[in-house]
2 protein chains.
Amino acid sequence: MPQTEKRSYDPEAPVDPRVETLVNELIGRVADKWTLLVLEELDEHGTCRFTRLAQLVPGISQKMLTQTLRAMERDGLVHRKVHPVIPPKVEYSLTALGQSLGEAFCGVWHWAEAHLCEVEAARTAFDTRD
Amino acid sequence: MPQTEKRSYDPEAPVDPRVETLVNELIGRVADKWTLLVLEELDEHGTCRFTRLAQLVPGISQKMLTQTLRAMERDGLVHRKVHPVIPPKVEYSLTALGQSLGEAFCGVWHWAEAHLCEVEAARTAFDTRD
DNA sequence: GCCTATACTCTCCAAAGGAAAGTAGGCACC
DNA sequence: GGTGCCTACTTTCCTTTGGAGAGTATAGGC
C-alpha cells in the first residue's frame with residue numbers, strides 16, 4: 001500500500017523549507033524526554049515548586065530539572081513565579097502555550113498506553129529472534 | 001484557574017502505578033529527537049534506504065541513524081527488509097504500529113507549525129529581559 | 001552559635017553522540 | 001590480476017551531555 005496522503009493534515013502543503021527547518025529544530029527542542037515528563041506533571045498537578053517537581057518526575061537530577069525548566073521558560077512554555085521570601089519559594093506553572101503543547105502530546109500518551117503491549121511483544125520477539 | 005480535569009482523556013483514571021512507570025519509560029524511549037525525525041521522514045516518503053534517510057534527516061550521523069533504526073525495529077515501529085544482493089540493499093518502512101505513532105505525533109507537528117512564532121517571540125523576550 | 005529549609009550551583013566522572021576512517025564482498029574496468 | 005566502486009554498516013577517537021553528590025546564600029528558630 002503506497003502512501004495515500006503525505007500527512008493527515010495540510011494536504012496541499014508545499015511547505016517552505018525554512019519553515020520546515022525551524023519546525024524540525026523546535027521539535028528537536030521540545031521532543032526531549034525530560035521536557036515531556038515535566039510538561040505532563042505540571043499539566044496533571046498544576047502549579048508546583050521545584051522540589052515537588054523533582055519528586056514527581058521519576059529519576060530526574062536537580063541539574064536537569066533546572067536546565068529543563070529554564071529552557072521551557074525561555075520557550076514560553078512555563079511561567080516561573082519567584083516569591084522573595086526566606087527560605088526561597090519558586091512556583092512553576094504552565095502557560096497557555098505550554099498547556100496547548102500538553103494537549104498536542106495527549107495523543108502520544110494515549111498511543112503509549114494503548115500500544116504498550118504491542119511494543120513489549122515486538123521487543124521480546126526481536127530479542128529472541130536474533 | 002485550577003485544573004478543571006487532570007487530563008483531557010480518561011477522566012476517571014486511577015492509573016496503575018506500574019503502568020504509569022512503563023508508559024513513562026516508553027515515552028522516554030519514543031520521544032527522542034532522532035526517533036521523531038526518522039519517523040516523520042519515513043511517514044512522508046514511505047519506504048527508504050539507509051543513505052536516503054541519512055540525507056533526509058538533517059544532521060544525523062550514521063551511527064545514530066543505525067542505532068535509531070535498530071531501536072525502532074526492536075520496538076516494532078519499522079520494518080527492515082534486506083535484499084541479499086551486491087551491493088547490499090536494505091529498505092526501511094513503517095509498520096502499522098509505526099504509522100499509528102506517526103499519527104499520534106501529528107498533533108505535535110501541527111502545534112510546532114502553529115506556535116513557531118510564539119515560541120520565537122518568547123525566546124527573544126526572555127533573552128533581552130535577562 | 002548552630003541547625004533547618006529551599007532552590008539552585010559546582011565539581012567530578014561516566015555515558016552519549018559526532019566525525020571520519022575502516023570493513024566486507026562481489027563486480028566492472030584496465 | 002589488480003584497482004576501485006558500491007552500500008550499509010563498524011570502529012576509533014574525541015567532544016559534549018548527563019548524573020551523583022556536595023556546596024552556597026539567607027533568615028528565622030532554638
Side-chain angles (χ1 to χ4, degrees), chain A residues 21 24-25 27-39 41-42 45-75 77-94 126 129-130, chain B residues 21 24-25 27-39 41-42 45-75 77-94 126 129-130:
Chain A
T21 302
N24 274 0
E25 279 177 18
I27 291 286
R29 168 64 261 297
V30 144
D32 165 64
K33 179 186 172 185
W34 295 131
T35 301
L36 218 67
L37 259 19
V38 168
L39 190 70
E41 297 304 333
L42 280 178
H45 296 93
T47 300
C48 283
R49 300 180 61 182
F50 187 87
T51 46
R52 182 92 202 287
L53 274 175
Q55 291 158 4
L56 287 174
V57 179
I60 197 169
S61 65
Q62 289 187 329
K63 188 168 73 171
M64 280 316 294
L65 183 53
T66 305
Q67 283 183 18
T68 304
L69 286 170
R70 284 285 185 290
M72 292 175 77
E73 187 193 359
R74 192 174 103 97
D75 288 346
L77 301 176
V78 307
H79 176 66
R80 182 169 182 269
K81 168 131 196 169
V82 182
H83 302 261
V85 297
I86 299 293
K89 179 172 181 177
V90 182
E91 286 180 331
Y92 296 92
S93 55
L94 288 186
F126 183 92
R129 179 195 335 138
D130 182 59
Chain B
T21 303
N24 274 1
E25 279 176 19
I27 291 284
R29 168 63 263 295
V30 142
D32 164 64
K33 179 186 171 185
W34 296 132
T35 301
L36 218 67
L37 259 18
V38 168
L39 189 71
E41 297 303 334
L42 280 179
H45 296 92
T47 300
C48 281
R49 300 180 60 182
F50 187 86
T51 46
R52 181 92 204 287
L53 275 175
Q55 292 159 2
L56 287 174
V57 179
I60 197 170
S61 68
Q62 290 188 329
K63 187 168 75 172
M64 281 316 293
L65 183 53
T66 303
Q67 283 184 19
T68 304
L69 285 171
R70 283 284 185 290
M72 292 175 78
E73 187 193 359
R74 192 173 105 95
D75 289 345
L77 301 176
V78 306
H79 176 66
R80 182 169 183 268
K81 167 132 195 169
V82 181
H83 301 262
V85 297
I86 298 293
K89 179 171 179 178
V90 182
E91 286 181 331
Y92 296 94
S93 55
L94 289 186
F126 182 91
R129 178 193 336 134
D130 182 63

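Basis for what follows: all heavy atoms, side chains included, without hydrogens, waters or symmetry-related copies. Keep in mind that what you see is a predicted model, and the values were worked out from it rather than measured. We name chains A, B, ... by the order of the sequence lines, and we start the count at 1 in each one.
The side chain of A:Thr51 lies closest to C:dA7 when the candidates are D:dG19, D:dT7, C:dA7. Distance from the side chain of A:Phe50 is smallest to C:dC8 among C:dC8, D:dC9, D:dT7. Taking only side-chain atoms of A:Val90, from C-beta outward, the nucleotide of C:dG18, C:dA7, D:dT7 with the closest atom is C:dA7. Candidate nucleotides C:dG25, C:dG18, C:dA7 were compared by shortest atom distance to the side chain of B:Pro87, and C:dG25 ranks first. Checked against D:dG19, D:dC9, C:dG17, the side chain of B:Gln67 finds its nearest nucleotide in C:dG17. Set against C:dG25, D:dT7, D:dA20, the side chain of B:Ile86 has C:dG25 as its closest nucleotide. Nearest to the side chain of A:Tyr92, among C:dT6, D:dT12, C:dC8, sits C:dC8. Listed candidates were C:dG18, D:dA20, C:dC8. Nearest to the side chain of A:Arg70 is C:dC8.
Spacing between atom CG of A:Leu69 and atom P of C:dC8 amounts to 8 Å, rounded to whole angstrom units. Atom CD in A:Gln62 sits roughly 21 Å away from atom P in D:dT17 (whole-Å rounding). Rounded to an integer number of Å, the gap from NE2 of A:His83 to C1' of C:dA5 is 16 Å. In this structure, the NZ atom of A:Lys89 is 19 Å from the P atom of D:dA27, given to the nearest Å. Atom CG in B:Asp32 sits about 11 Å away from atom C1' in C:dG17, given to the nearest Å. Between the CG atom of A:Leu65 and the P atom of C:dC8 there is a distance of 8 Å, given to the nearest Å. Following rounding to the nearest Å, B:Lys33 (NZ) and C:dA16 (P) show an atom-to-atom distance of 17 Å. Distance, A:Arg80 CZ to C:dT6 C1': 12 Å, rounded to whole Å.
Residue A:Thr66 is the one, among A:Thr66 and A:Lys63, whose nearest nucleotide of DNA chain C lies closer to the 5' end (criterion: closest heavy atom).
A distance of 6.0 Å separates CE in B:Met64 from CG in B:Asp32, rounded to the nearest 0.5 Å. Here the straight-line distance linking atom OG1 of A:Thr35 with atom CD of A:Gln67 works out to 10.5 Å at 0.5 Å rounding. In this structure, CD in A:Glu73 is found 8.5 Å from CG in A:Leu69, a value given to the nearest 0.5 Å. Within the model, atoms OG1 of A:Thr51 and CD of A:Gln62 stand 9.0 Å from one another, a figure rounded to the nearest 0.5 Å.
For C:dG18, one of the phosphate oxygens OP1 or OP2 lies less than 4.0 angstrom from a side-chain nitrogen or oxygen of B:Trp34. Using a 4.0 Å cut-off, some side-chain N or O of A:Arg49 falls inside it from OP1 or OP2 of C:dA7.
A side-chain N or O of B:Glu91 and one of B:His83 form a donor-acceptor pair less than 3.5 Å apart.
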